[in-house]
Amino acid sequence: MKRAQILWPLAALAGLLVLNIIVTPSFLSLRIQDGHLFGSTIDILRNGAPTMLIAVGMTLVIATRGIDLSVGAVAAIAGAIACTWIADGGNAVTAMIMALGVCVLLGLWNGFLVSVLGIQPIIATLVLMTAGRGVAMLLTEGQIITINDSLYSKIGAGFVVLPVAILISLAVLGGVALLTRRTALGMLIESVGVNPEASRLAGVRSRTIIWTVYVFAALCAGVAGLMISSNVNAADANSAGLWIEMDAILAVVIGGTSLAGGRYSLAGTLVGALVIQTLTTTVYTIGVPTNVTLVFKAVVVIAVCLLQSPRTAGFVRERRRRKQPSVSVPRPQKVGVR
Amino acid sequence: MVDMRGISVEFPGVKALSEVDFRLFPGEVHALMGENGAGKSTLIKALTGVYRTSAGTIRLNGRPVAFTGPGQAQQAGVSTVYQEVNLCSNLTVAENILLGREPRRFGAIDGRATRAAAAKLLDRIGLDIDPASQLGSHPIAVQQLVAIARALAVQARVLVLDEPTSSLDSDEVAELFRILRVLREEGVAILFVSHFIDQVYEIADRMTVLRNGRLVGEHLTRELDRLDLVSAMLGRELSTLEEVQRRTSHHAPGTEPVLQARGLGRAGAIAPFDLDIHAGEVVGLAGLLGSGRTELARLLFGADRPDTGTLTIGGKPARARGPRSMISHGVAFCSEDRKGEGVIADLSVRDNLVLAMQAARGWARPVPRRLAEDLVAEYIEKLDIRPADPGAVIGNLSGGNQQKVLLARWLVTRPRLLILDEPTRGIDVGAKAQIQKVVADLAAEGMAVVFISAELEEVVRVSDRVVVLRDRRKVAELAGHDVSVSDVMSAIAAQSGPVAAVAS
């Protein structure tokens, strides 16, 4: 992985943290209560867990040159299914299994449209993005369904020293990193993303790979949806996971994975997701007025993207060179070729 | 007109050009010669501002210039046609020719004027196609000529042609040269890069030879004979470039063929044909551009699905259900379209080399790191891939070296039948001889090879048997040691007009 690409997002993250510490000196302080860690940083991790999880799935989809806009809607559907089932007196485990099962089906649908029918991913997933919220509304009959189930509320609000939600997200991220980098899956995903036709002619199962990443992305979205609804003990078909696809895509891009497909970086996605969530939290802690929140967010995101772009890097290098033209660099005599 | 001095270009870890001088005078055709990776394309890109030079000066008409991009270079009168066609296939021919400088009317593009202007330019180079047709609907060769028309659309004083002839057949080359001569008369300075030495001697007035990113020398074409040129390019004597010997066929008649096609065909691509290919045999496919060579090969590999006929491999019927199933039958296919269907540009040489092997193993069983390293090292050495760095991104390699990696990609899968579509196109004599030799060796070891090339001499030299195609139909099969280029040519030309060979 290219070091420089993850450097700037890390710097942005560090900058945001420093800003927070200046504004609220107690920002980094952690305290232990009933064996749980509490503190602002822990809140960031907990609130950022769904975005991070969705961003992991999104990373793989984007690596194959695709995009999945439907993740927010899928998250809403997952929450709606689980909550309606529990509200009707069902068991929490069955509720979750059912919700995730439906998410797999939705992922299969997306993957089918993209890999078999060859519809452009942005259009194919747009279908479910719009239709999905409608389905969630139907399930909840337009109501916000509140539930009270101690097992279910553990996913989003529970603690095992750290919040359960972030543990799940980190476990999935680590698992995917291991799975794709220890096996050849990562390389095959990248090769499909860089050049689908060449990959097909080399015997790569492009279709299966593409199909699989959409199913995986939908599954991640489903789990994230359970986290969101469990955190508030309610299913809100309208606002659960709203715009989360944008945050996830941003996290992936900030992390240095190109939207053009190909090389991807899960470590980058992790940092990217943290940047996004820290940013959201910072907006509240430093008291940015609500009406300029989005503008503030946009400025930071633009700054990170600019710093990362190769063109800016080249421009900076050029400026530096111009500043010291008199220094004669001894020319290495070794010829690099061969 | 152009004067480049002490030009150096560096990429991370690689010094692609080191203190090269280059001059170009108005009204001359100047050939830039060198092996793959010698730095020809890099020098051109340094001139046109695609790459930044790390040292040296460039003067255009005596004034120092430093273009920051091809657009700027073009405005200064330096127009470039690249090796791979760099046009938008989804736009029309006219839109491509005038892209970025369309005639405007009330701020909007004037479609009629665009087409008229394009038609005039096409007329100037004698290309009879409809300017309103979509570019992608034309064969690559025509697209190449359109690219040249595009370069002429600006009042170019310097025209840079990087491998313009590699996808043209002989008539089209003659046509191109006619245009170049006209432009030379008009005082345009033309920089010409080609691997076809005959063509260089036919058109060039002067040549500059590069090797390993360094300048070897500048010569008048009439003062440097071919042998001297080749040894200057290679930096070694010609003895190592021995001609590939014609081999006698190893297969005994009656041996079960590796591949047997009966009535295989696809509407609009190639008429149904029969073909047997035996182990240890090189079968050449010869024919003009668009005669169905590639289409036939793609059917054998399952890249396209046949409408009719059957395919038997190793005595067992093979339903062509796509490349993957044919690969499992031991068939391998190197596409003619290196960029579009060959390399995975962003990945390393190592990943590209093991890709087919990895795909066949499935994702769950990665090729062990150790084995991958050994294989890569072995083939870098065997095929002389440069730079010899397994971690190098393949997109940064020169065309010939990319081709060698693609060849290695299939060789590591130990196929029974290897189909090579134009494996030597656009690559230099040294690499060409190397690939021909590898093909001969593979056949001697018992592999069946299908060899496609636009160069008839090469097909005849390499093959045991030549299958001749015309107008998307198999028209002849010539076997035996005494098949000559003229035999093949007369088979191709049996009905159509006369053909001149494009020899290397």
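The chains referred to below are lettered A, B, ... by the order of the sequence lines, with proteins before strands, and numbering in each begins at 1.
Distance CH2/B:Trp363 to OG1/A:Thr212: 9.0 Å, rounded to 0.5 Å.
Contact of B:Leu355 with chain A is made through backbone and side chain together, with heavy-atom distances under 4.5 Å. With a 4.5 Å cut-off on non-hydrogen atoms, B:Arg409 touches chain A through its side chain but not through its backbone. For B:Arg369, no part sits under 4.5 Å from any heavy atom of chain A, backbone or side chain. Only the backbone of B:Val343 comes within contact range of chain A, with heavy atoms under 4.5 Å apart.
Across all non-hydrogen atoms, the minimal contact from A:Ala202 to B:Ala359 is O-CB, 3.7 Å. When every heavy atom of B:Pro366 is checked against every heavy atom of A:Ala184, the shortest pair comes out as CB-N, 3.9 Å.
In B:Trp410, the CH2 atom is crowded: over 12 heavy atoms of neighbouring residues, nucleotides or ligands sit closer than 6.0 Å. The local environment of CD in B:Gln72 is crowded, with over 12 non-hydrogen atoms from other residues, nucleotides or ligands closer than 6.0 Å. For B:Arg324, the CZ atom sits in a packed shell: over 12 heavy atoms of surrounding residues, nucleotides or ligands are nearer than 6.0 Å. Counting non-hydrogen atoms of neighbouring residues, nucleotides and ligands closer than 6.0 angstrom, the CD1 atom of A:Ile122 reaches no more than 12 such neighbours.
Between chain B and the options A:Leu188, A:Ile209, A:Asn195, the largest number of non-hydrogen pairs under 4.5 Å is found for A:Asn195. In terms of heavy-atom pairs under 4.5 Å with chain A, the best-connected choice from B:Ala364, B:Gly340, B:Ser335 is B:Gly340. Contact count against chain A (heavy-atom pairs under 4.5 Å) is highest for B:Ala356 among B:Ala360, B:Gly362, B:Ala345, B:Ala356. Contact count against chain B (heavy-atom pairs under 4.5 Å) is highest for A:Leu201 among A:Val204, A:Ile189, A:Leu179, A:Leu201. Considering only heavy-atom pairs separated by less than 4.5 Å from chain A, the leading option among B:Leu347, B:Val367, B:Ile327 is B:Leu347.
Residues B:Asp351 and A:Ser191 form no side-chain contact, since every pair of their non-hydrogen atoms from C-beta on lies 4.5 Å or further apart.
For residues 174-189 of chain A, the set of pairs meeting the side chain to side chain donor-acceptor pair (under 3.5 Å) definition, not counting sequence neighbours, comprises A:Thr180-A:Tyr264, A:Arg181-A:Glu190.
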A:Glu197 vs B:Asp337, side chain to side chain contact (heavy atoms under 4.5 Å, CB included): CA-CA, chis, key distance, verdict: CA-CA 11 Å; A:Glu197 183 58 12; B:Asp337 184 359; over 6 Å; no
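Here the side chain of A:Arg200 pairs a donor or acceptor atom with the backbone of B:Ala303 at under 3.5 angstrom.
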